[in-house]
Amino acid sequence: MTVLHPLRLGMNIDHVATVRNARGSAYPDPVRAAKLAEEAGADGITAHLREDRRHITDADIDALVEHLSVPLNFEMAATPEMQAIALRHKPHAVCIVPEKREERTTEGGLEVAREENSLAHFIAPLREAGSRVSIFIAADRAQIEAAHRIGAAVVELHTGAYCDLHAEGQFDARDDELKRLTEMADFANHLGLEVHAGHGLTYDTVQPIAALPQVVELNIGHFLIGESIFRGLKPAIHEMRRLMDEARG
Ligand code: PXP
């Protein structure tokens, strides 16, 4: 039986593929991790097919589409190549992210306000194909308004700065960032956008974000894959789920 969670957990499996690719081997298999995550209560699986294929590969996406029972959130840059792949697979959701070759991870949110016309054209066929289009953005009013205008169904608010400030012990600045996330989650929700959040979340930082009532999905990857070295993947996910549910009350 599928359990419906008021706050969904999207498990990002990219870094299982990072470990695999470090040795050029066939293991660990990100699809196996995705199936275990499903069993552990993940409500969806997120995978980012980067332009340079540094972790997830085209074959991984094919296999995920074939084997997943929960929705796939296909993360991608706004390029014609990725659009064609998304249109071929028609995943449940497509999350548009900025991508720079030299970055270690997705560093900032998408500049929607500056690219409004081209992004509106870019996402139109994805919407027509039935995918829910999510835009990964900073918690910024102008970006949220632009995401709304181009017809996105979802905004995913970037929690990276909040998590970094926490890790650096800059608690006043962290609290300011949390306030901004809180206000912008509310603003996006009032515009009728579904609100997701993610990036850099850990057991220490997840609860204030999980407590925001407008946020209905968290996407978490790197920390959970790291934690699974010590606890195993399923227990690592169970603990995240427990913390999310506790924060949600
Ligand atoms: N959401 C988006 C849009 C991302 O790009 C990432 C990182 O790939 C995540 C969530 C998950 O971030 P992390 O791996 O730091 O938990």
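Every heavy atom of this structure was used, including side-chain atoms; hydrogens, water molecules and symmetry mates were not. Both counts, for ligands and for their atoms, begin at 1 and track the order of listing.
- Among all non-hydrogen protein atoms, the one lying nearest atom 7 (C) of ligand 1 is His199 CD2, 3.7 Å.
- Contact check on Glu39 versus Lys35 returns no salt bridge, with no Lys/Arg side-chain nitrogen under 4.0 Å from an Asp/Glu carboxylate oxygen.
- Here the closest heavy-atom approach between residue Leu224 and residue Ala236 is recorded as CD2-O, 3.5 Å.
- Protein heavy atom closest to atom 15 (O) of ligand 1, with residue, atom name and distance, is Gly200 N, 2.8 Å.
- Between the side chains of His166 and Glu177, no donor N or O sits under 3.5 Å from an acceptor N or O.
- Close contacts between ligand 1 and Ile220 involve ligand atoms 16 (O) [criterion: under 4.0 Å to a heavy atom].
- Counting atoms of ligand 1 from 1 in the listed order, those under 4.0 Å from a heavy atom of Val97 are 3 (C).
- Residue-level proximity to ligand 1 for Glu75 is carried by the side chain, the only part with a heavy atom below 4.0 angstrom.
- For atom 11 (C) of ligand 1, the nearest non-hydrogen atom of the protein is Asn219 O, 3.7 Å.
- In summary, Asp175 and Arg180 do not engage in a salt bridge, as defined by a charged side-chain N under 4.0 Å from a carboxylate O.
- Residue contacts with ligand 1, taken as heavy atom pairs separated by less than 4.0 Å, involve Glu156 solely via side-chain atoms from C-beta onward.
- Looking at Asn12 against ligand 1, only its side chain comes within 4.0 Å, counting heavy atoms.
- Taking atom 14 (O) of ligand 1 as the reference point, the nearest protein heavy-atom neighbour is His222 N, 2.8 Å.
- A donor atom on one side chain and an acceptor atom on the other are not found under 3.5 Å apart for Glu75 and Asn73.
- Assignment of Phe136 to the shell around ligand 1 is supported, since a heavy atom sits closer than 4.0 Å.
- Taking the six-membered ring where the residue is Trp, His158 and Phe136 present parallel rings, their angle staying beneath 30° rather than reaching 60°.
- Stacking of Arg141 on the aromatic ring of Phe187 is recorded, both the 6.0 Å distance cut-off and the 45° axial limit being met.
- When hydrogens are left out, the protein atom nearest atom 16 (O) of ligand 1 is Gly221 N, 2.8 Å; that is the closest non-hydrogen contact.
- Between Ile13 and Thr46 there is no side-chain heavy-atom pair separated by less than 4.5 Å.
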